[in-house]
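Contents: one structure, followed by commentary.
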Amino acid sequence: MSGEYTYYRDGFFGYGPEGTFRPFTPMHFIPILVTVGLLILVWYRRRRLREWKGEIHFRYVLAFLMFLMEFSYFLWLLYVGDSSGQFLMMSKLPLHLCDIGLCSCMFMVTSRNRTLFGFNFFVTLFGATLACIIPQTVLTNVGPMHFRYYQYFGEHLIPIFGTVYMMTVHGMRPRYRDIWISVGVLSAMLIPSLLLNEAYPGSDYLFLKLELPLLPDNQYLRGGIYAVLITAVFHGMWLLWRLYLRGKEKRTRGKLEAKQPGRQETES
């Protein structure tokens with residue numbers, strides 16, 4: 001930081017010293033817990049929300065909040081610059097996993113498009129959840145006294161809320177083919193990401209340059225490894241989803257059988 005205080009560099013719209021964000025502390029967990037609490041409320045009020053005349057307007061508000069989170073980030077970058085003090089906008093294009101998930105979720109909640117929902121089920125629930133678990137890979141020098149802190153968690157938690165909301169209130173469900181649609185879209189994103197990472201210093205689209213143990217530095221080789229890993233993760237999510245549905249069906253069947261009158265025990 002400069003010796004002279006400036007509101008746009010050192011204040012709410014600026015940065016704090018390195019290490020301002022402390023992972024696995026209240027500043028990390030409170031936004032997540034608030035979102036979980038809201039989703040629990042949605043679960044208990046899902047029938048009323050489904051029948052509510054203003055429900056469609058609520059979904060448009062959700063979409064607007066997602067747009068606001070994304071658009072305000074670029075306005076902030078133009079105003080403040082990145083943490084290096086530079087305005088490298090070509091290294092900040094919305095080509096990351098969570099950016100694509102947010103944009104598709106914005107259209108999904110308004111259109112109730114089933115294919116967009118399937119894409120968000122895998123991409124958003126994986127990418128945005130991971131970003132909320134380890135925000136310290138991006139957030140280091142901002143905290144609750146900074147705009148970027150709220151924008152970051154809003155950008156990731158609102159799409160998670162929107163995706164789970166559509167599952168809970170509108171009964172939307174993923175399909176197996178959505179795995180391959182998601183993998184195909186992300187694989188197509190590798191092409192511009194690789195080119196931009198080489199063309200513009202400071203770029204790290206799809207985190208192909210992020211320092212990670214056990215992974216090669218060559219971003220082309222890493223892109224192939226990412227594709228394999230993401231396919232495996234999406235199949236794991238699909239398996240967990242199917243196990244959840246199977247358990248739900250068994251519980252429902254058990255309740256129905258328990259309610260049937262006049263059942264007699266079979267003679268031994």
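Both backbone and side-chain heavy atoms feed into the values below; hydrogens, waters and symmetry mates do not.
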Under a 4.5 Å side-chain heavy-atom rule over Ile, Leu, Val, Met, Phe, Trp and Tyr, are [X] and [Y] clustered together?
X      : Y      : answer
Leu210 : Leu206 : yes
Ile56  : Leu62  : no
Leu75  : Phe13  : yes
Leu33  : Ile158 : no
Phe107 : Val185 : yes

Heavy-atom closest contact ([X] atom, [Y] atom, distance):
X      : Y      : answer
Thr163 : Cys105 : OG1-SG, 3.8 Å
Ser182 : Phe234 : CB-CE1, 3.7 Å
Leu157 : Cys132 : CD2-SG, 3.6 Å
Thr231 : Ala227 : OG1-O, 2.7 Å
Arg173 : Arg114 : O-NE, 4.0 Å
Leu95  : Met189 : O-CE, 2.8 Å

Would you call the rings of [X] and [Y] parallel, tilted or perpendicular if under 30° counts as parallel and over 60° as perpendicular?
X      : Y      : value
Tyr165 : Phe161 : parallel
Phe147 : Phe12  : perpendicular
Trp238 : Phe122 : tilted

Between [X] and [Y], do the side chains contain an N or O donor and an N or O acceptor separated by less than 3.5 Å?
X      : Y      : answer
Thr115 : Arg175 : yes
Asn197 : Ser203 : no
Arg222 : Gln219 : no
Ser72  : Gln151 : no

Are the side chains of [Y] and [X] in contact, using a 4.5 Å heavy-atom criterion?
X      : Y      : result
Leu102 : His156 : no
Ser111 : Leu116 : yes
Phe121 : Met172 : no
Val228 : Ile225 : no
His96  : Phe207 : yes
Tyr73  : Leu78  : no
His146 : Thr20  : yes
Gln136 : Phe24  : yes

Give a yes or no on whether the backbone of [Y] and the side-chain of [X] come within a donor-acceptor separation of less than 3.5 Å.
X      : Y      : answer
Tyr150 : Pro144 : yes
Arg59  : Val109 : yes
Tyr152 : Ala131 : yes
Thr35  : Pro31  : yes
Asp99  : Cys103 : no

Atom [atom1] of residue position [X] - does it have more than 12 heavy atoms of other residues, nucleotides or ligands inside 6.0 Å?
X      : atom1 : value
Tyr220 : OH    : yes
Phe74  : CZ    : yes
Phe71  : CZ    : no
Tyr200 : OH    : no
Glu18  : CD    : yes

>> Whether Arg47 and Glu51 form a salt bridge (side-chain N of Lys/Arg under 4.0 Å from carboxylate O of Asp/Glu) is what I want to check.
In response: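 No, no charged N to carboxylate O under 4.0 Å.
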>> Set out, in order, the CA-CA distance, both residues' side-chain angles and the distance that settles side-chain contact (heavy atoms from CB on, under 4.5 Å) for Phe119 and Met108, then state yes or no.
In response: CA-CA 10 Å; Phe119 179 79; Met108 181 267 293; over 6 Å; no
>> One pair to check against side-chain contact (heavy atoms from CB on, under 4.5 Å): Val123 and Leu97. What are the steps and the verdict?
In response: CA-CA 7 Å; Val123 173; Leu97 201 67; 4.0 Å; yes
>> Evaluate Phe64 against His57 for ring-ring contact (aromatic ring centres under 6.0 Å, His included), listing each step before the verdict.
In response: CA-CA 10 Å; Phe64 175 73; His57 301 296; over 10 Å; no
>> Does Arg46 qualify as a cation-pi partner of Trp43, given the criterion of NZ or CZ under 6.0 Å from the six-membered ring centre and within 45 degrees of its axis?
In response: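 Yes - Arg46 lies over the ring of Trp43, closer than 6.0 Å to its centre and within 45° of its axis.
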